[in-house]
Amino acid sequence: MRICFVGAGALGSTIGGTLARGGAEVWLIDPFQAHVDAINAGGLRMLESGAETVVKVSACTSADQVGNTADLVIILVKSYHTRDAIRAAAPVIGPQTVVMSLQNGLGHEDILSEEVGGDRVMAGKTYVGGVLLGPGHVRSGVVGKETIIGELDGRLTERAQRISETFNRAGVLTLLSDNILGSMWDKLFINVAGGGITAVTGLTYGGLYSLPILEDCALAAISESIAVARAAGVKISIADPRRAWTMASAGLPPEFKTSMLQSLQSGNLTEVDYIHGSVVRWGAKLNVPTPVNATLVALVKGLEYAHSDYPGKA
């Protein structure tokens with residue numbers, strides 16, 4: 001199976017490298033030239049559980065360098081780059097190509113469907129972790145971490161089964177779901193638990209989980225999210241806000257930083273619109289109040305304006 005990752009940062013490189021090690025033909029497409037050059041020159045260095053392996057995998061900065069269409073295109077860019085990413089992937093999208101997002105939050109599949117047609121699009125959520133240590137070098141967190149994929153309409157199709165088998169064969173623990181929308185909301189609850197609060201406070205998980213007042217805020221945001229999902233008729237498996245709060249920190253060190261906090265500290269925009277913002281938008285549609293999530297969106301937006309290249313900033 002030929003798999004192209006559009007966005008080969010920490011997570012794209014981690015999953016892509018694992019699949020390549022398992023025998024898939026993988027292309028990592030990313031604009032970070034030094035990263036691409038390092039991978040092509042010496043392979044992708046993957047550090048996991050104290051041991052490092054070097055994986056042979058192809059990398060490039062543009063989809064037109066791949067030369068052939070892909071069986072599967074996985075989008076793993078920042079959420080606000082999704083539309084640009086799928087348009088840039090056009091050279092590798094053929095008549096039978098499946099397009100799938102593994103991004104955090106909600107709304108990506110709508111964008112992908114608008115660009116390539118809903119019949120091409122599958123959805124997925126992953127609990128795999130990765131840290132980019134330098135060009136061509138990642139710390140991989142694959143072992144024991146689930147990835148869940150499925151068709152948007154809940155059908156268990158041959159193409160979904162084939163993708164699941166490819167992932168599992170390579171060591172990426174993958175479950176095939178007939179309720180991928182529920183899985184997407186479950187993952188959203190976990191992102192809601194810490195994303196906005198850590199972005200606003202600047203705290204790592206050690207600080208976040210030390211102050212009861214922050215826990216109360218997180219539980220309130222999760223509760224709103226669960227209420228919205230229920231109003232939308234989504235079949236969710238996380239019904240207790242405290243379960244999402246506990247799952248959010250499972251296996252993570254006190255120094256862990258959420259991607260939202262990392263984005264702000266790097267002077268970049270965050271994915272708040274696709275996480276807390278999704279809760280607010282769905283709540284507005286369904287007449288479910290979401291004041292805690294709306295406040296977190298506003299505060300993160302204010303920090304983006306102050307510390308990043310915010311669109312339209314004077």
Side-chain angles (χ1 to χ4, degrees), residues 1-7 11-27 69-76 82 86 89 92-113 116-130 140-191 229 232-239 243-244 247 250-251 274 278:
M1 179 177 285
R2 180 180 294 118
I3 305 172
C4 291
F5 282 78
V6 183
L11 189 55
S13 294
T14 293
I15 299 176
T18 304
L19 292 173
R21 188 168 57 197
E25 180 188 343
V26 174
W27 283 81
T69 58
D71 299 300
L72 175 63
V73 171
I74 296 177
I75 304 297
L76 263 173
T82 300
I86 190 58
V92 296
I93 297 177
Q96 304 301 317
T97 302
V98 177
V99 176
M100 182 168 66
S101 164
L102 287 177
Q103 299 154 288
N104 285 327
L106 300 177
H108 310 96
E109 289 74 21
D110 295 333
I111 296 171
L112 298 178
S113 295
V116 302
D119 59 321
R120 295 179 184 271
V121 178
M122 285 179 54
K125 289 297 167 191
T126 186
Y127 293 86
V128 169
S140 169
V142 173
V143 177
K145 300 296 184 179
E146 289 182 351
T147 296
I148 307 167
I149 67 171
E151 300 281 2
L152 292 172
D153 61 7
R155 291 179 301 128
L156 298 177
T157 61
E158 188 275 336
R159 69 180 186 178
Q161 184 67 42
R162 186 171 66 253
I163 293 168
S164 175
E165 289 173 354
T166 299
F167 276 45
N168 280 306
R169 190 163 52 244
V172 181
L173 176 61
T174 302
L175 307 178
L176 185 56
S177 174
D178 61 359
N179 179 35
I180 192 64
L181 293 178
S183 298
M184 292 163 69
W185 277 92
D186 286 339
K187 180 67 186 294
L188 182 71
F189 303 152
I190 292 169
N191 294 139
V234 178
K235 182 182 177 182
I236 55 176
S237 65
I238 298 176
R243 183 181 170 207
M247 289 176 67
Y274 294 81
S278 292

(message) Tell me whether S140 contacts the main-chain N or O of T14 through its side chain, where contact means a donor paired with an acceptor under 3.5 Å.
(response) no

(request) Give a yes or no on whether the backbone of N191 and the side-chain of N104 come within a donor-acceptor separation of less than 3.5 Å. (result) no

(message) Contact between L152 and E109 at the side-chain level, heavy atoms closer than 4.5 Å - yes or no?
(response) yes

(message) Looking at A160, is its backbone amide N or carbonyl O close enough to the side chain of S164 to form a donor-acceptor pair, meaning the two atoms are under 3.5 Å apart?
(response) no

(request) Would you indicate whether the side-chain heavy atoms of V92 and W27 approach each other to under 4.5 Å? (result) no

(message) Within the structure provided, determine whether E25 and D71 are in side-chain contact (heavy-atom separation under 4.5 Å).
(response) no

(request) Nearest 0.5 Å please: distance from the CG atom of D186 over to the CG atom of L181. (result) 11.0 Å

(message) With a 4.5 Å cut-off on side-chain heavy atoms, are T174 and T166 touching?
(response) no

(request) Measure across H108 and Y274 and return the closest heavy-atom pair with its distance rounded to 0.1 Å. (result) NE2-CD2, 3.7 Å

(request) For R159 and Q96, indicate whether the former's side chain and the latter's backbone hold a donor-acceptor pair under 3.5 Å. (result) no

(request) For residues F189 and A229, report the shortest heavy-atom separation together with the two atoms involved. (result) CZ-CB, 3.9 Å

(message) Quick check: closest heavy atoms across Q103 and T82, and the distance to 0.1 Å?
(response) NE2-OG1, 2.9 Å

(request) Take M1 and I163, measure what side-chain contact (heavy atoms from CB on, under 4.5 Å) needs, and give me the verdict at the end. (result) CA-CA 8 Å; M1 179 177 285; I163 293 168; 4.1 Å; yes

(message) When you measure from the side chain of R169 to the backbone of G22, do you find a donor-acceptor pair of N or O atoms at a distance under 3.5 Å?
(response) no

(message) Main chain of G94, side chain of R120: is a donor-acceptor contact present, judged purely on distance under 3.5 Å?
(response) yes

(request) Identify the heavy atoms of L102 and I74 that sit nearest to each other, and give their distance. (result) CD1-CG2, 3.8 Å

(request) Determine the minimum heavy-atom distance between V73 and A89, stating which atoms define it. (result) CG1-CB, 4.4 Å

(message) Could you go through R21 and T18, starting from their C-alpha distance and side-chain angles, then the distance that decides it, and tell me whether this counts as side-chain contact (heavy atoms from CB on, under 4.5 Å)?
(response) CA-CA 5 Å; R21 188 168 57 197; T18 304; 4.0 Å; yes

(message) So if I apply the side-chain contact (heavy atoms from CB on, under 4.5 Å) rule between I86 and each of V6, V121, I93, which one comes out positive?
(response) I93

(request) State, with a plain yes or no, whether a side-chain heavy atom of L112 is found less than 4.5 Å away from one of S101. (result) yes

(message) Nearest 0.5 angstrom please: T157 OG1 to R162 CZ, how far?
(response) 8.5 Å

(message) Quick check: do E165 and N168 have side-chain heavy atoms less than 4.5 Å from each other?
(response) no

(message) Tell me whether the count of non-hydrogen atoms from other residues, nucleotides or ligands lying under 6.0 Å of CD in E158 goes above 12.
(response) yes

(message) Return the CG to CD distance between N179 and E151, rounded to the nearest 0.5 Å.
(response) 13.5 Å

(request) Using a 4.5 Å cut-off on heavy atoms from C-beta on, say whether the side chain of W185 contacts that of I238. (result) no

(message) For G105, is there any backbone N or O sitting under 3.5 Å from a side-chain donor or acceptor partner on K125?
(response) yes

(message) Let me confirm one number: the CD-CG distance from E146 to L175, rounded to the nearest 0.5 Å.
(response) 4.5 Å

(message) Return the CZ to CG distance between F167 and L173, rounded to the nearest 0.5 Å.
(response) 12.0 Å

(message) Check whether K187 reaches the backbone of T126 with its side chain - one donor and one acceptor, N or O, closer than 3.5 Å.
(response) yes

(message) Could you report the tightest heavy-atom contact between A123 and M184, atom names first, then the distance?
(response) CB-SD, 3.8 Å

